[in-house]
Undergrad: 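Just dropping this structure here.
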Amino acid sequence: MHRRPIALPLKLTTDDVNRNEYRRVLVYGVFDHDNEMLIGPRSYEAEPGFIVVTPLVREDGSKILVNRGWIKRELKDPKTRPESQTTDPVTVVAFVRKAPTKGSFTPNSDADKGDWYSLDLELMAKHTNSQQVLLETIEPDSVATTIYNIKKGIPLGVPQQVDIRNNHLQYLITWFSLAAITGGMLIYRLRRPRGAASTIKRLRSQSGRLL
């Protein structure tokens with residue numbers, strides 16, 4: 001994830017994507033704004049809005065899907081954010097991403113109506129005649145740029161550094177602690193004074209030896 005970005009190959013398999021998730025890549029092409037898809041509603045810092053997913057047409061004419069990021073709800077209409085609708089070729093810096101899992105309570109999207117409630121990679125790719133390849137745009141590391149982009153309706157991408165939670169060490173510590181506590185309780189039970197029955201038996205044995 002911290003490695004230098006590489007050029008994204010024109011052809012990618014599912015295995016390529018799975019092996020390279022969160023790999024930083026560069027990709028060149030032209031956004032197909034006519035097939036822009038808005039997923040939502042989605043909130044950013046408690047403000048409602050949408051996630052913008054746009055096909056990117058590459059040098060060979062193939063398309064991939066780019067999660068460009070978040071926009072405010074009032075900028076849903078592309079006419080209100082012309083700065084985000086550039087027709088010039090662009091170089092996108094992004095992370096390679098796997099297809100996200102749809103929540104169990106999330107409604108099914110309707111491509112014909114343009115109602116997108118989740119990032120359904122398979123359906124979106126079919127709807128836009130794109131490869132099932134998803135990239136996630138990385139936001140420039142500049143507060144001023146971020147403020148400008150939000151104001152102008154240029155989608156807000158993900159941070160430069162992505163926090164990928166790795167709980168393996170936490171699980172290891174938890175289970176080790178439980179094992180240590182269990183072991184300590186067992187030792188305590190084995191070493192504690194014997195019960196009343198054992199005490200009586202011991203006293204009787206001692207009395208027999210005194211007679």
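FYI, side chains are in, hydrogens and waters are out, and symmetry mates aren't considered; it's all heavy atoms of this structure.
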Undergrad: Would you say the side chain of Val53 lies within less than 4.5 Å of the side chain of Val66, judging by non-hydrogen atoms?
TA: no
Undergrad: How about Asp16 and Thr13: does a side-chain donor come under 3.5 Å of a side-chain acceptor?
TA: yes
Undergrad: Would you call Asp120 and Lys102 a salt bridge, using N to O less than 4.0 angstrom?
TA: no
Undergrad: Ignoring hydrogens, what is the shortest heavy-atom contact between Ser118 and Thr106? Give both atom names and the distance.
TA: CB-CG2, 4.0 Å
Undergrad: Testing Leu8, Thr91, Ile6 for side chain to side chain contact (heavy atoms under 4.5 Å, CB included) with Leu26, which one passes?
TA: Thr91
Undergrad: Is Val27 close to Leu135 at the side-chain level, that is, under 4.5 Å between some pair of heavy atoms?
TA: yes
Undergrad: Ignoring hydrogens and angles, state whether a donor on the side chain of Ser62 or Asp60 is under 3.5 Å from an acceptor on the partner side chain.
TA: yes
Undergrad: Any donor-acceptor pair under 3.5 Å linking the side chain of Glu139 with the backbone of Leu156?
TA: no
Undergrad: Evaluate the ring planes of Trp70 and Tyr44, with Trp represented by its six-membered ring, and classify them as parallel (under 30°), tilted (30 to 60°) or perpendicular (over 60°).
TA: tilted
Undergrad: Heavy-atom count check: over 12 atoms from other residues, nucleotides or ligands less than 6.0 Å from Lys76 NZ?
TA: no
Undergrad: May I ask you to check whether over 12 heavy atoms, not counting those of Asn18, lie within 6.0 Å of atom CG?
TA: yes
Undergrad: Any donor-acceptor pair under 3.5 Å linking the side chain of His33 with the backbone of Thr86?
TA: yes
Undergrad: Using modelled atom types only, decide if a donor and an acceptor are shared between the side chain of Ser109 and the backbone of Tyr117 within a distance under 3.5 Å.
TA: yes
Undergrad: May I ask you to test the Val25-Pro5 pair for a side-chain heavy-atom distance under 4.5 Å?
TA: no
Undergrad: With distance as the sole criterion, is a donor-acceptor pair present between the side chains of Glu83 and Asn149 under 3.5 Å?
TA: no
Undergrad: I'd like to check Phe50 versus Arg73 (side-chain heavy atoms, cut-off strictly below 4.5 Å). Are they in contact?
TA: yes
Undergrad: List the atom of Arg81, the atom of Gly153, and the distance in Å for their closest heavy-atom pair.
TA: CD-O, 3.5 Å
Undergrad: With rounding to the nearest 0.5 angstrom, report the CZ to OG1 distance, Arg68 to Thr54.
TA: 4.5 Å
Undergrad: Using every non-hydrogen atom in the two residues, find where Leu75 and Thr80 come nearest and quote the distance to one decimal.
TA: CA-OG1, 3.3 Å
Undergrad: Look at the side chain of Asp110 and the backbone N and O of Lys113, then say whether any donor-acceptor pair between them is shorter than 3.5 Å.
TA: yes
